[in-house]
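Here's the structure, in C-alpha cells; my notes come after.
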Amino acid sequence: AVDLMDESAVKLSQLSSSMNRVDQKIAETNTTISKFENLKKVHHAKDNLKKVIAQVGFFAQVPEMVQELRKELDKDPSKLKKVYLESLKLESLQIALKKEVRVSRNRKRSMSTLVPISTLGDYSADLYSKINDVINIHLGIVPELVRAV
C-alpha cells in the first residue's frame, strides 16, 4: 500500500511539474485562453490535477491524523467529543472516497460504449479490487478509532 501511494505521489508530482511548464508557456503567450481549445483543455486538466494532488496529500496524512487524535485523547480524556467528531468526519471521508472510486469505475465502464476502451485506462475488476484493498489497508485505522472512542 505504501509503495502504491509513493508511486502515485511520484507520478502526480511529475504531472504537476508538467502542468507548471504548461502554465509558464501559457503565460508567455499572453493571450486569452478561450481562443485556443487545446489550451482550455489543458487549463481544466491542470485544475483537476491540483484537486487530485490535494486529495492524495490529505488521504496520505490520515494515519498520522488518527495517531494524533489518539494521543490527544490519551493526554486529555475530556477531549472525547472532539476526537469522536473528528473520527466520524474521517470515516465519512473514507466512505466518500470508496464511493467516488466505485462511481468513477462505473462511469468509465459506461463510457466504453461511446469511446474506445483503450483510451479509458484499466478499470478491470482486478484493479478496482486492488484500489479498494489499498484504501482499506491505508485507512483501516479510521473505523478502529471510531470504535475505540
Side-chain angles (χ1 to χ4, degrees), residues 1-29 33 36-75 79 81-149:
V2 172
D3 290 342
L4 185 59
M5 292 295 287
D6 289 343
E7 184 180 317
S8 296
V10 168
K11 288 182 180 181
L12 289 172
S13 175
Q14 291 169 343
L15 284 171
S16 179
S17 65
S18 295
M19 290 298 149
N20 286 335
R21 286 193 302 275
V22 168
D23 277 348
Q24 289 172 345
K25 289 181 181 181
I26 290 172
E28 290 169 5
T29 62
I33 197 169
F36 301 95
E37 193 60 35
N38 286 338
L39 288 179
K40 196 182 329 181
K41 289 178 184 176
V42 168
H43 176 74
H44 292 299
K46 178 186 151 265
D47 287 346
N48 290 339
L49 181 60
K50 280 184 180 179
K51 291 174 187 174
V52 169
I53 289 171
Q55 287 179 344
V56 167
F58 173 80
F59 283 108
Q61 293 176 358
V62 166
E64 294 164 2
M65 293 166 67
V66 168
Q67 288 176 350
E68 288 300 315
L69 288 170
R70 284 181 185 262
K71 287 179 186 176
E72 190 172 343
L73 187 60
D74 289 343
K75 286 180 186 174
K79 294 189 177 182
K81 181 179 178 182
K82 177 189 176 224
V83 172
Y84 179 70
L85 293 175
E86 285 296 316
S87 65
L88 286 179
K89 190 185 310 181
L90 289 173
E91 187 175 43
S92 69
L93 290 171
Q94 176 191 20
I95 292 167
L97 175 63
K98 286 181 175 184
K99 182 178 179 181
E100 179 59 32
V101 168
R102 187 179 65 248
V103 167
S104 178
R105 178 177 185 251
N106 291 340
R107 187 180 311 125
K108 295 275 184 171
R109 289 174 65 199
S110 68
M111 286 178 60
S112 68
T113 60
L114 303 173
V115 295
I117 192 119
S118 61
T119 63
L120 298 176
D122 181 12
Y123 266 78
S124 65
D126 184 48
L127 178 63
Y128 177 70
S129 175
K130 287 179 184 178
I131 291 170
N132 266 333
D133 289 347
V134 168
I135 291 171
N136 288 334
I137 291 168
H138 188 70
L139 302 178
I141 60 174
V142 173
E144 292 172 12
L145 176 64
V146 173
R147 286 189 299 271
V149 174

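Taking 4.0 Å as the cut-off between side-chain N and carboxylate O, Lys89 and Glu86 count as a salt-bridged pair. In this structure, Lys11 pairs ionically with Glu7, as a charged nitrogen and a carboxylate oxygen lie closer than 4.0 Å.
Under the 4.5 Å side-chain criterion, counting only non-hydrogen atoms from C-beta, Asp23 is in contact with Lys46. Counting heavy atoms from C-beta outward, Lys98 and Asn136 have side chains that approach closer than 4.5 Å. With contacts defined as side-chain heavy-atom distances shorter than 4.5 Å, the pair Leu90/Leu69 qualifies. When side chains are defined from C-beta on, Leu139 counts as touching Leu97, because their heavy atoms get closer than 4.5 Å.
Counting only distance, with no hydrogens or angles, the side chain of Ser18 and the backbone of Gln14 share a donor-acceptor pair below 3.5 Å. With hydrogens and angles disregarded, a donor-acceptor distance shorter than 3.5 Å links the side chain of Ser87 to the backbone of Val83. Of the possible donor and acceptor atoms, one in the side chain of His138 sits under 3.5 Å from a partner among the backbone N and O of Phe59.
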One pair to check against side-chain contact (heavy atoms from CB on, under 4.5 Å): Ile95 and Glu91. What are the steps and the verdict? CA-CA 6 Å; Ile95 292 167; Glu91 187 175 43; 4.2 Å; yes
From CA spacing to verdict: side-chain contact (heavy atoms from CB on, under 4.5 Å), Val134, Lys130: CA-CA 6 Å; Val134 168; Lys130 287 179 184 178; 5.6 Å; no
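Contact between Arg70 and Ile141 at its shortest, heavy atoms only, is NH2-O, 4.4 Å. Nearest heavy-atom pair, Leu12 versus Leu49, reported as atom, atom and distance to 0.1 Å: CD2-CD1, 3.8 Å. When all heavy atoms are compared, the tightest approach of Ile135 to Gln94 is O-NE2, 4.4 Å.
With values rounded to the nearest 0.5 angstrom, Ile53 atom CD1 is found 11.0 Å from Asn48 atom CG. In this structure, the separation between CD on Gln67 and CE on Met65 is 12.0 Å, given to the nearest 0.5 Å. Rounded to the nearest 0.5 angstrom, Glu64 CD and Glu68 CD are separated by 8.5 Å.
Every side chain to side chain contact (heavy atoms under 4.5 Å, CB included) that Lys99 has, sequence neighbours left out, goes to Arg102, Val103.
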